[in-house]
Amino acid sequence: MLRKTFILWSAIFVGAMGLLSPVVHAQDKEAPKVALVLSGGGARGFSHVGVIKVLHELGIKVDIVTGTSMGAMVGGGYASGYSIEQMREIILSVNWDEMFAPRPDRSEINWRKRQDDFKGLSDSEMGFTPEGIKVATSVVPAQRLETFLRQVTRHVSSVDDLTQLAIPFAAIATDLDNGEAVVMQKDVTLAEAMRASMSVPGAFPPVPRKGRYLVDGGLAQNLPVEQARAMGADIIIAVNAGTPLGKAQDIHSIAGIAGQVVGILTERNVDASKAQLGPDDILITTQLQEFTAADFKKADQIIAAGEKSAREHISELKRLAVSQQAFNQWNVARESAVVTPPAHQIASVRVQDLQTVNPQSVIEEAGLDISKPVTEDELERAAARVWASSDFTLVPYQFEPGPNGTQTLVWQPTEKPWGYNTLRIGGKLSTDFNQEHTFTFLLAHTMQWVNRWGGEWRNEAQIGKQSYFSTSFYQPLGLNSPFFVMPEIRYDSERYDWYDDSGRALATIKNRSTEVKVSLGMEFSDDFVATVGGGWIDATSEVSVGLRSQYEGVDDRAMFAEMTLRYDTLDNINFPTKGFYLNAEARRYDDLEYSTDPSVSDYSVEAILPIDWGDGWVSVLNARRGASSIPSRYALGGLFNMSGAYYGRYNGSDIFFGNLILYKRLKNVDVLGFPLYVGGSAEFTRVKEDSDTEYAPNEDWGQWKKAGSVFVATNTIFGPMYLALGRTSDQDSAVYFFWGRPYQ
């Protein structure tokens, strides 16, 4: 009887142990290692956060994380200790428009770069080097991405072996030379690993590392199952958020074809990775049919979609859960890694490996006070200031040990690969679909760092409706000095028709001038600059076609002195929403022969004031006032400059002009990814000749004239484009297509 009882209880015990064995196994020290594998996919990769949220709810402890591209960013953040809510907040707080902007924010660049905006010059440069012509290798500079990744990984910035993170981690990049997968794990920081894995070819520049150039890991292993196995994974949870291939009949652009080719390469390596998944592994394909890789502003919806997709696999995932106590202990230890790093006590600063730019300018531009501890935030702002100088494509930094527990800050700025002898282009194009078709085309050649004080030689040549050539030399009076001297030679030529009160052209006027001047200036800030100077001018104004008897003309030369003030805080010159612009110029001539006054003065003032009313509505007030000793110096006509009238319809030497533009940016509406605006303008002017002049083209010269327009517009990477209808109080009207900045 005793023996039977023993056998019975033994059977019950063994059976019970068999039933409990999965749970005991999951909690045992010899439990299988669970790896989380996260794919790339651009904005679609935000869905990984939703998947991880479900894993936490179920109590699944992750032992290994691998990721590619956006999967590297989310996976690296998780492996370094961030909570689900922290990752979500970080993603939602990013200004993605700023992240992918082709240059620094306008408030960060100097006054000369801001002045280029008014000329319509492109942001991209072409460089002339001893090896030939070179251009930028990417559309988006990497500095903002570099800064962002440094910010979110600063708590583990001292870790250069990513197996030592709270969860062992590896990111995948691709060798640009041979297409091989490169594992970013040893002798690399988390920020460096993320950036290499996220460097989409053509969008971000390749990352140089140990003699290689690395780009987005999606080209080699978009779903890095292989690396997870190599790190000892027994069970894999693979999350694929990659973008599915499009249909050939739906592809209608070069960009679309290029994207499809990349997609084909990516899908092939994803298929190869999926083939390595075993029966115990779990594949979650996030359902993101509504979203594209570029939908960065839909992050919240994408995260929710990832969560929903993961919940469809709960029955499979539950078997990997550990006890609540074990999970909480593990997760508390993981999240404890996220702590604010201490400030740096910097003993010295060094700038590494510069060939053209003066290294001392980097230190002075950074403006760090190393007499006290320096925080990471201060370092990142300093790096942003150096980058905004436009001398470098990237401004990273690192620390080396210093004496007595201090550190040496080492700036490692990357000089522009296309050099400092560059060419930029710009221009405008306008048609009223009737009689007036105008254009301007501008070339700007710049040689930077001509000397150690940062001297800059600029040559500009513009042809078209308003043509000019100028050559100038900007010379700071010391390295990073606010004082500068700038000699300049300039030739201007302009033609426009001269109209009577019925709108009939009487003649074509041609104005020409040649100036030689020298200015002494002071930069009070990047926003405000003032100059004083003097020079010599040779000016002519004559009738080239038409009734010469009605136009007196000018042919004179004189010395002059001048003063200018420029204040500019506009956030955008095409569709501004905040800031203010003021440009004032005053000039005094000596002994102009045609004038009854031996000393004659000119002046002009222009102001721009935008007001953001909220909900996408913005108004922009533009006002100009000027008086000149040269007849017909000012000419108006065209879109937003008396819309509906031909250029030159209103002209004279004394002008007051104003316009009020109201526009709205349409929500969730774009043109090929660019914002769409609708709006209208009200314009008014009074133009007349100086009182000493006895001729006038019409009887109501000097009276107030009015005009207005309605328009739709978009702001593209090639500049703004407008389709508009304008009409004047003189019953002139026109339909416009305009590319470029329409203001004078």
Side-chain angles (χ1 to χ4, degrees), residues 111 115 118 466 468 470 472 485-494 496 498 509-522 524 528-542 551-568 581-608 622-636 641 648 650-658 685-697 701-704 743-744:
W111 66 273
Q115 192 174 358
F118 288 90
Q466 297 164 309
Y468 74 87
S470 71
S472 62
V485 62
M486 188 161 66
E488 180 180 7
I489 301 173
R490 182 182 177 98
Y491 171 80
D492 284 273
S493 177
E494 180 182 18
Y496 56 87
W498 200 43
I509 306 297
K510 183 176 182 179
N511 288 343
R512 290 176 295 178
S513 65
T514 302
E515 292 185 10
V516 180
K517 67 177 182 179
V518 178
S519 300
L520 177 64
M522 179 176 180
F524 294 91
F528 181 35
V529 63
T531 68
V532 294
W536 174 84
I537 184 172
D538 182 338
T540 63
S541 181
E542 61 185 7
Y551 189 78
E552 184 177 312
V554 172
D555 184 4
D556 210 347
R557 53 208 53 82
M559 303 296 290
F560 65 85
E562 71 173 9
M563 179 176 67
T564 69
L565 297 172
R566 181 176 290 108
Y567 179 79
D568 182 1
Y581 175 78
L582 176 68
N583 185 55
E585 300 178 1
R587 176 177 288 188
R588 189 170 184 85
Y589 297 100
D590 179 53
D591 195 21
L592 282 172
E593 295 178 359
Y594 70 87
S595 175
T596 57
D597 185 350
S599 296
V600 184
S601 298
D602 286 1
Y603 72 89
S604 65
V605 180
E606 180 180 10
I608 302 173
N622 186 323
R624 297 201 296 272
R625 177 75 177 98
S628 175
S629 304
I630 301 174
S632 302
R633 182 66 176 265
Y634 306 106
L636 290 173
N641 294 278
Y650 306 102
N651 65 80
S653 62
D654 190 301
I655 184 177
F656 184 91
F657 171 78
T685 190
R686 186 185 70 181
V687 185
K688 60 181 181 179
E689 286 293 358
D690 184 88
S691 58
D692 291 337
T693 304
E694 298 179 353
Y695 57 92
W701 204 359
Q703 295 183 8
W704 288 100
Y743 309 101
Q744 294 293 336

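Remember, it's a predicted structure, so these values are computed and weren't measured experimentally.
By the side chain to side chain contact (heavy atoms under 4.5 Å, CB included) test, M563 pairs with V532, sequence neighbours left out. Listed by chain and residue number, Y581 satisfy the ring pair (Phe, Tyr, Trp, His ring centres under 6.0 Å) test with F118 (two or more places apart in sequence, or in another chain). Not counting sequence neighbours, the partners of T564 by the side-chain hydrogen bond (donor to acceptor under 3.5 Å, both in side chains) test are T531. Residues forming a side-chain hydrogen bond (donor to acceptor under 3.5 Å, both in side chains) with S519 (at least two apart in sequence, or on another chain): none. Annotation: side chain to side chain contact (heavy atoms under 4.5 Å, CB included) contacts of A607 (sequence neighbours excluded): F580, L582. Under the salt bridge (Lys or Arg N to Asp or Glu O under 4.0 Å) criterion, E562 pairs with K517, R587, sequence neighbours left out. Y567 pairs by the side-chain hydrogen bond (donor to acceptor under 3.5 Å, both in side chains) definition with nothing, not counting sequence neighbours. Residues passing the salt bridge (Lys or Arg N to Asp or Glu O under 4.0 Å) test with R490, sequence neighbours excluded: D492. Considering only residues two or more places apart in sequence or on other chains, A623 meets the side chain to side chain contact (heavy atoms under 4.5 Å, CB included) condition with none of them. Under the rule for a ring pair (Phe, Tyr, Trp, His ring centres under 6.0 Å), Y603 has no partner lying at least two apart in sequence or in another chain.
Closest approach of I655 to L636, counting heavy atoms only: CD1-CD1, 3.7 Å. For the residue pair S604 and Y634, the shortest heavy atom distance occurs at CB-OH, 4.0 Å. Taking every heavy atom of both residues into account, A530 and F524 meet most closely at CB-CE1, 3.8 Å.
Here the OG-CD distance, from S513 to E515, works out to 5.5 Å after rounding to the nearest 0.5 Å. In this structure, CG in N641 is found 12.5 Å from OH in Y650, a value given to the nearest 0.5 Å. Once rounded to the nearest 0.5 Å, the distance linking CD of E585 with CZ of R566 reads 6.5 Å. The CD atom of Q703 lies 10.5 Å from the CZ atom of R686; values are rounded to the nearest 0.5 Å. Between the CZ atom of F560 and the CH2 atom of W536 there is a distance of 10.0 Å, given to the nearest 0.5 Å.
Side chain to side chain, S601 and R588 meet the donor-acceptor criterion of an N or O pair below 3.5 Å. With no hydrogens or angles considered, a side-chain donor-acceptor pair links D602 and S628 at under 3.5 Å.
A 4.5 Å side-chain heavy-atom check between R512 and T514 finds every atom pair outside the cut-off. Residues T685 and R624 are not in side-chain contact: their nearest non-hydrogen atoms beyond the backbone lie 4.5 Å or more apart. Side-chain atoms of F528 and L565, non-hydrogen and from C-beta on, do get closer than 4.5 Å to each other.
Judged by distance alone, the side chain of S470 and the main-chain N or O of I489 form no donor-acceptor pair under 3.5 Å.
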